[in-house]
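Report on the following structure.
Proteins come first, then strands; the chains are lettered A, B, ... in the order of their sequence lines, and each starts at number 1. The model shown is predicted, which means the values in this text are computed figures rather than measured ones.
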2 protein chains.
Amino acid sequence: MMDYNQPTKNFQKEVAEQCIRYLSIDGVIFGFHQNQLNVLLLRWKGTNEWCLPGGFIRKTESVDEAAERVMQERTGLNELFLQQFHVFGAVVRYDQDAVWRKINLNVDADSWSERTISIGYYALVEHSKVVPTPDFLTEECRWWPLDEVPGLLFDHNHIIEVATRALRRQLNDQPISHLLPESFTIPELQRLHETILGHPLDARNFYKKMMASGTLERLTERRAGTPHKAPYLYRFTRSESQA
Amino acid sequence: MMDYNQPTKNFQKEVAEQCIRYLSIDGVIFGFHQNQLNVLLLRWKGTNEWCLPGGFIRKTESVDEAAERVMQERTGLNELFLQQFHVFGAVVRYDQDAVWRKINLNVDADSWSERTISIGYYALVEHSKVVPTPDFLTEECRWWPLDEVPGLLFDHNHIIEVATRALRRQLNDQPISHLLPESFTIPELQRLHETILGHPLDARNFYKKMMASGTLERLTERRAGTPHKAPYLYRFTRSESQA
DNA sequence: TTATCTTTACGTCAAAAGTACGTAAAGGTG
DNA sequence: CACCTTTACGTACTTTTGACGTAAAGATAA
């Protein structure tokens with residue numbers, strides 16, 4: 001069992017034994033809530049410093065499995081849509097000394113302060129279903145609106161930027177369904193697209209385009225409780241591979 | 001200096017000391033010749049087995065630099081268009097025993113038969129400028145037409161497939177210029193597009209589309225020596241980021 | 001009760017992009 | 001020099017995209 005009084009030491013030992021050195025996973029977990037894109041961040045133990053969820057790859061698991069495991073642990077979700085989007089492989093990715101100081105880590109220079117190559121994954125999840133769960137190096141896990149994300153540890157702001165660009169590109173190719181609940185209204189879907197693309201869309205044209213795409217199925221129910229005309233609920237027809 | 005009588009042993013030692021274990025680069029170098037897409041392959045020393053160019057990442061270089069170095073060594077080119085396209089991270093990527101037998105390698109089980117995660121890059125190069133150069137594990141380096149590629153070592157056939165799909169996707173987004181010489185005719189460009197896409201295009205419509213793209217500049221010369229009407233030469237106006 | 005306002009769920013129309021196909025001129029070959 | 005292929009255009013039609021119109025639904029205010 002992990003000795004939580006000496007987490008760092010044990011962690012280093014575990015990584016060295018079970019995991020592939022130099023190589024890690026960083027995950028950008030996107031959620032959509034109150035018409036905003038959110039990402040799940042972790043606060044480092046005993047500090048006010050935030051970072052992305054991540055982890056090392058065990059020698060016995062595939063890279064995809066490692067990403068899935070890490071994301072599952074932080075979200076409590078069994079299934080999630082995951083996409084590999086970039087390898088961050090610069091020799092100096094960030095100011096290591098500055099980061100070690102920020103997180104009060106006394107580093108064993110031989111084993112821990114070496115460069116790390118990181119494989120970036122993004123996940124699209126249903127915001128309301130996530131149970132944010134810190135890992136043993138962090139003491140808080142919560143959603144941050146994408147445009148309020150603070151200065152993060154490591155090069156994690158940069159990773160979020162690249163992930164966001166990749167997500168935007170994906171939106172052009174295929175419908176993005178995993179960020180919304182099973183059923184949703186067209187205006188809600190429009191807000192999602194607007195948020196990802198970063199600019200407003202014409203409601204009439206958006207409606208037309210979605211109808212023409214053939215990926216949506218109208219339900220008989222409508223969304224009640226709105227101050228105006230009750231919109232129909234829709235769901236994606238999960239035929240092909242979708243996001 | 002490398003001892004070429006004991007290449008494998010020294011290679012293993014070098015890798016262990018200078019390079020990042022478990023992690024390698026695999027490169028799919030595309031060229032275009034005689035209306036066919038070609039890839040550069042290497043024949044393993046003393047065998048009739050072919051594989052992709054590749055190599056390990058040195059501790060002192062970035063992943064991109066490693067890819068560039070490996071590709072430069074195999075092609076003799078200083079500048080080449082490189083694109084990271086996928087990480088191959090399965091625990092078992094191919095039948096290791098079978099491969100070791102094929103290449104007559106006696107493997108030190110502790111250090112060399114471990115899994116390797118590979119970062120896939122593809123390169124687009126001007127076919128005629130390449131000087132195919134084997135590395136010290138191989139004794140032949142040459143172009144293979146994409147549709148005549150034999151069964152390769154490791155999972156390299158799979159990697160080529162994924163790279164080809166990525167290249168096809170890229171063609172939709174941006175013009176692909178690096179596969180052609182500085183100046184070329186529209187029909188030559190059309191053959192390239194047809195080859196990448198895998199289906200014929202209408203010459204009239206292709207011409208119109210290319211003219212409308214605004215990325216081409218017509219030269220005053222024409223291509224002489226053709227049995228028919230001499231076509232104009234064009235070149236890409238290298239304004240934005242192009243492939 | 002009824003006018004008003006916002007939102008939804010459609011529709012219209014024109015510009016732009018994509019697709020099918022026509023053709024004259026260029027440059028060989030028999 | 002007739003003939004054939006290829007280039008370098010052009011025309012016409014269809015599909016997609018984008019700007020904008022509007023009636024019905026549902027709440028709120030007078």
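Evaluation of the side chain to side chain contact (heavy atoms under 4.5 Å, CB included) rule for A:Ser62 yields A:Asp64, A:Glu65, B:Val91 as partners, not counting sequence neighbours. Applying the side chain to side chain contact (heavy atoms under 4.5 Å, CB included) test to A:Tyr207 and every residue at least two apart in sequence or in another chain returns A:Ile186, A:Met211, A:Tyr234. Residues passing the side chain to side chain contact (heavy atoms under 4.5 Å, CB included) test with B:Ala123 are B:Ile29, B:Leu82, B:Val125, sequence neighbours excluded. Evaluation of the side-chain hydrogen bond (donor to acceptor under 3.5 Å, both in side chains) rule for B:Thr185 yields no partner, not counting sequence neighbours. Listed by chain and residue number, A:Leu41, A:Trp50, A:Trp144, A:Leu152 satisfy the side chain to side chain contact (heavy atoms under 4.5 Å, CB included) test with A:Pro150 (two or more places apart in sequence, or in another chain).
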Output a table of nitrogen or oxygen pairs between the protein and nucleotides 11-17 of chain C separated by less than 3.5 Å.
from, atom 1, to, atom 2, distance (Å)
C:dT12, O4, A:Lys208, NZ, 3.2

Distances under 3.5 Å between nitrogen or oxygen atoms of protein and nucleotides 28-30 of chain C:
from, atom 1, to, atom 2, distance (Å)
C:dG28, O4', B:Pro227, O, 3.3

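Within the structure, no pair that satisfies the salt bridge (Lys or Arg N to Asp or Glu O under 4.0 Å) test touches residues 156-168 of chain A, not counting sequence neighbours. Listed by first and then second residue, the salt bridge (Lys or Arg N to Asp or Glu O under 4.0 Å) pairs involving residues 80-93 of chain A are A:Asp26-A:Arg93, A:Arg93-A:Asp155 (not counting sequence neighbours). For residues 182-211 of chain A, the pairs satisfying salt bridge (Lys or Arg N to Asp or Glu O under 4.0 Å) are A:Glu188-A:Arg223, A:Arg191-A:Glu194, A:Asp202-A:Arg204, with sequence neighbours left out.
Contacts between chain B and DNA chain D, taken as any atom within less than 4.0 angstrom of a protein heavy atom, begin and end at D:dT5 to D:dA12.
Here the shortest heavy-atom pairing between A:Pro134 and A:Leu42 reads CA-CD2, 3.7 Å.
Remark: aromatic rings of A:His156 and A:Tyr94 are distant, center separation not under 6.0 Å.
In summary, A:Glu49 and A:Arg43 do not engage in a salt bridge, as defined by a charged side-chain N under 4.0 Å from a carboxylate O.
Side chains of A:Ser118 and A:Thr116: no donor on one and acceptor on the other come within 3.5 Å.
B:Met210 places its CE atom 12 Å from the P atom of C:dT19, with the value rounded to the nearest Å.
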Run A:Tyr122 and A:Gln170 through side chain to side chain contact (heavy atoms under 4.5 Å, CB included) and show every step you take.
CA-CA 11 Å; A:Tyr122 66 82; A:Gln170 196 204 292; 2.3 Å; yes

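Within residues 180-192 of chain B, no residue is approached by DNA chain C to less than 4.0 Å at the level of any non-hydrogen atom.
Using a 4.0 Å heavy-atom criterion, one finds that B:Arg223 contacts no nucleic acid atom at all.
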